Amino acid sequence: MVERVRTRALRKREEGRVDTWVVGVSGGALIAFVAAALLFPTATENAVDTAFTWSADWFGAYWQLFLLATFLVAAVLACSRYGRVRMGGIARPEFGWFKWVAMVMTTLLGAGGVFWAAAEPIAHYVDTPPLFGTGGGATDPSPESVALAQSFIHWGFLGWAVGGTLATFVMMRGVQRGLPLRPRTLLYPIMGDRVKDHWIGTVADICCILAVVAGTVGPVGFLGLQVSYISGEMFGTFDGYATQLVVIIGLTVVAAISVLSGLDKGIQFLSRLNVWVALALLVCVLALGSAVFVFNTFFDAFALHATQFLSMSVYRGDGSWLGSWTTFFFAWWVGYAPLMAIFIARISKGRTVREIFIGGTVLPTVVTTFWFTALGGTGIWLETQNPGSVSGPYEETGLPAAALSIVQQLPMSALLGVIVLVVTVVFVASTMDSMSYALAASGMRDSEPRPVIRAFWCVVMGAAAAVLIAIGDGGVNALQSFIVVTAVPVGLIMLPTLWTTPRIIRWMAVEQGLLSRADAAGIPEKRDEEVPSWTGPSEVGRKEPEFAGRY
């Protein structure tokens with residue numbers, strides 16, 4: 001009895017407290033990186049490049065196999081009888097489908113939603129991916145289908161599944177059992193409750209925070225550089241540090257206001273706004289470009305993507321090409337996965353395994369691939385009409401030049417340019433606010449961070465980006481590449497979810513009456529006092545009782 005009272009008092013004291021070790025070490029590492037980039041830019045960039053190459057060479061194949069295995073395990077769970085298992089400990093979802101999917105989708109696209117969507121397809125169109133050789137045969141797929149199908153692999157099922165399925169399920173179950181909404185909870189199935197205070201849990205939190213900070217600060221700085229470039233090219237504004245700084249400050253303020261207002265207001269509003277503005281850009285591009293070409297190419301590319309899914313996912317033939325494309329993107333997805341799982345777990349209470357798989361993997365993939373086809377496919381169409389009109393600027397200047405060249409060749413280019421800038425800013429702001437929430441949760445001893453802590457991470461990331469762009473593209477590019485290095489430990493933290501998630505879901509099926517207790521023999525967590533009072537198997541339309549647990 002005395003022990004229970006002592007435990008409750010300790011928990012109460014810890015609620016709302018910052019984990020100083022996690023925040024201090026991760027924040028100190030970020031400051032050290034920024035300082036090194038300012039004082040020794042060349043040495044820092046060389047060191048990151050060396051670490052990048054080592055990580056890609058040694059772990060590239062692992063990341064490819066891990067993402068593929070995650071998707072397959074999640075798909076099997078969702079399509080099986082376990083797909084009806086309801087996660088989060090409540091009977092009904094907090095958010096409707098549109099609001100929920102909008103928040104999920106805008107969490108991770110960021111600047112990639114515009115710049116990579118315009119640039120990657122044209123890059124693969126000009127330089128055919130090595131898996132497909134030079135092409136040109138009577139039975140070979142068309143170059144535009146190859147270009148888009150390769151882009152679909154990098155931005156499709158595998159990437160969305162790694163953050164929105166198995167890790168999310170483990171996180172939601174851990175929180176239901178009283179564990180914090182932090183990356184360390186991914187290890188609870190193999191370490192038990194001791195992961196809450198174990199040094200391994202602290203290391204896991206720090207590694208995951210560094211990966212996401214690197215992957216978010218980089219795009220924020222990149223956005224400042226590229227918005228300044230595009231507005232200068234299209235509207236004659238000053239393209240320099242002053243404009244870049246204004247963009248980053250504005251972005252930081254928008255994201256901070258969003259996170260201060262909470263999940264049910266700011267983040268939700270910004271996500272929905274993001275969807276509607278992106279839809280407006282999509283309609284404009286289709287109407288002013290070639291909608292017929294886009295739709296035909298989308299179906300051809302998606303069919304090629306489906307038939308060559310395994311071969312493209314595990315291709316290991318050209319190490320140099322893989323390091324620039326597949327390995328880079330897959331490492332980025334892995335680095336983001338734990339904190340993306342935290343955010344999706346927080347907004348997905350009351351949804352089933354099947355719903356989370358559909359809303360967190362299938363729908364985002366379909367929407368993302370069509371989005372890439374609309375922007376990148378239009379770029380390919382313009383390239384076929386006027387060779388070099390898109391590929392030339394892209395090869396000379398980089399990602400923003402591809403988007404800019406597409407916009408400039410379409411009617412009403414000034415209006416489209418404004419929409420592109422707005423969409424890009426809102427995309428990155430949505431990513432920034434959702435990741436600020438996940439970062440704040442990762443550094444708190446309880447599972448719900450205070451708004452001021454969320455805003456703090458927004459300001460920290462904005463400030464880091466502002467400092468890094470002062471030295472030009474090198475600092476931002478080095479930080480973006482550093483996420484590949486941080487993905488090494490994060491990938492190992494994520495690995496146990498492949499076999500622990502099915503066991504967790506199976507026992508939850510017993511709790512919810514979807515599976516007999518005899519079928520759960522040998523599955524952990526089968527203590528009688530943890531099983532809710534179910535009257536029988538789940539029935540359609542029956543209101544399910546809330547599970548006991550803290551969220």
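Worth saying up front: this structure is predicted, and the values here are computed from it rather than measured.
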Once rounded to the nearest 0.5 Å, what's the spacing between atom CZ of Phe157 and atom CZ of Phe71?
5.5 Å
Min side-chain heavy-atom separation Gln409-Val390 under 4.5 Å:
yes
Please find the pair of heavy atoms, one from Gly335 and one from Val212, that lie closest to each other, and give the distance.
O-CG2, 3.7 Å
Using a strict cut-off of less than 4.0 Å between a Lys/Arg side-chain nitrogen and an Asp/Glu carboxylate oxygen, indicate whether Lys99 and Glu94 qualify as a salt bridge.
no
Is Thr384 reaching over with its side chain to a backbone N or O of Trp381, donor-acceptor style, under 3.5 angstrom?
yes
About how many Å separate CZ of Arg182 and CD1 of Ile342, when rounded to the nearest 0.5 Å?
9.0 Å
Is there side-chain contact between Val426 and Ser430, with heavy atoms separated by less than 4.5 Å?
yes
Between Phe328 and Trp332 (judged by ring centroids, cut-off 6.0 Å), do the two rings come close enough to count as a pair?
yes
Can you find a pair of side-chain heavy atoms, one from Phe329 and one from Ile153, that are under 4.5 Å apart?
no
If you round to the nearest 0.5 Å, how far is CD of Glu144 from CD1 of Ile122?
10.5 Å
Stepwise, does the side-chain contact (heavy atoms from CB on, under 4.5 Å) test hold for Met103 with Ser434?
CA-CA 8 Å; Met103 286 191 285; Ser434 55; over 6 Å; no
Work out which heavy atom in Gly174 is nearest to a heavy atom in Thr185; give both atom names and the distance.
CA-CG2, 3.7 Å
Do you know the tightest heavy-atom contact between Ala147 and Pro121?
CB-O, 3.2 Å
State, with a plain yes or no, whether a side-chain heavy atom of Trp371 is found less than 4.5 Å away from one of Leu281.
yes
Applying side-chain contact (heavy atoms from CB on, under 4.5 Å), run through Val162 and Phe66 and close with a yes or a no.
CA-CA 9 Å; Val162 76; Phe66 174 68; 3.6 Å; yes
Does any non-hydrogen side-chain atom of Ser442 lie less than 4.5 Å from one of Leu339?
yes
Evaluate the side-chain proximity of Val485 to Trp54: yes if any heavy-atom separation is below 4.5 Å, no if none is.
no
At their closest point, which heavy atom of Pro496 faces which heavy atom of Ile493, and how far apart are they?
CD-O, 3.3 Å
Are Trp457 and Tyr437 an aromatic pair by the rule of ring centers under 6.0 Å?
no
Gap between atom CZ of Phe169 and atom CD1 of Ile344 - 0.5 Å precision:
10.0 Å
Min side-chain heavy-atom separation Val85-Thr352 under 4.5 Å
no
State, with a plain yes or no, whether a side-chain heavy atom of Thr128 is found less than 4.5 Å away from one of Gln150.
no
Centre-to-centre under 6.0 Å for Tyr394 and Tyr125, is that the case here?
no
Might you work through the side chain to side chain donor-acceptor pair (under 3.5 Å) test for Trp155 and Glu120, ending with a clear yes or no?
CA-CA 10 Å; Trp155 295 85; Glu120 184 173 356; 2.9 Å; yes
Is Thr168 reaching over with its side chain to a backbone N or O of Gly163, donor-acceptor style, under 3.5 angstrom?
yes
Keeping Arg354 on the side-chain end and Ser80 on the backbone end, is there a donor-acceptor pair under 3.5 Å?
yes
To the nearest 0.5 Å, what is the distance between OG1 (Thr307) and CZ (Phe302)?
11.0 Å
How about Phe298 and Phe372: are their ring centres within less than 6.0 Å of each other?
no
Modelled atom types, side-chain donor and acceptor of Thr327 and Trp63, under 3.5 Å
no
Straight-line distance of Leu166 CG to Met171 CE, nearest 0.5 Å
12.0 Å
Begin from the C-alpha positions of Ile505 and Met87 and carry the test side-chain contact (heavy atoms from CB on, under 4.5 Å) through to its verdict.
CA-CA 9 Å; Ile505 298 300; Met87 307 297 299; 3.8 Å; yes
Would you please indicate yes or no on a ring centroid separation below 6.0 angstrom for Trp321 and Phe132?
no
Would you check if the side chain of Thr378 reaches a backbone N or O of Ala374 as a donor-acceptor pair within less than 3.5 Å?
yes
Carefully, step by step, assess Phe295 and Phe370 under the rule ring pair (Phe, Tyr, Trp, His ring centres under 6.0 Å).
CA-CA 9 Å; Phe295 279 101; Phe370 187 75; 5.3 Å; yes
Looking at every heavy atom in both Leu416 and Cys284, which two are closest together, and how far apart are they?
CD2-CB, 3.5 Å
Does the gap between the ring centers of Trp333 and Trp160 come in under 6.0 Å?
yes
Give a yes or no on whether the ring-centroid distance for His124 and Trp325 is below 6.0 angstrom.
yes
Using side-chain contact (heavy atoms from CB on, under 4.5 Å), reason through Leu382 and Asn386 one step at a time and then give a plain yes or no.
CA-CA 6 Å; Leu382 292 170; Asn386 184 14; over 6 Å; no
Return yes if some donor-acceptor pair links the side-chain N/O of Thr369 with the main-chain N/O of Val366 below 3.5 Å, else return no.
yes
Atom of Val490, atom of Ala211 and distance for their closest heavy-atom approach
CG2-CB, 4.0 Å
Check: Ala402 main-chain N/O paired with Ser405 side-chain donor or acceptor under 3.5 Å
yes
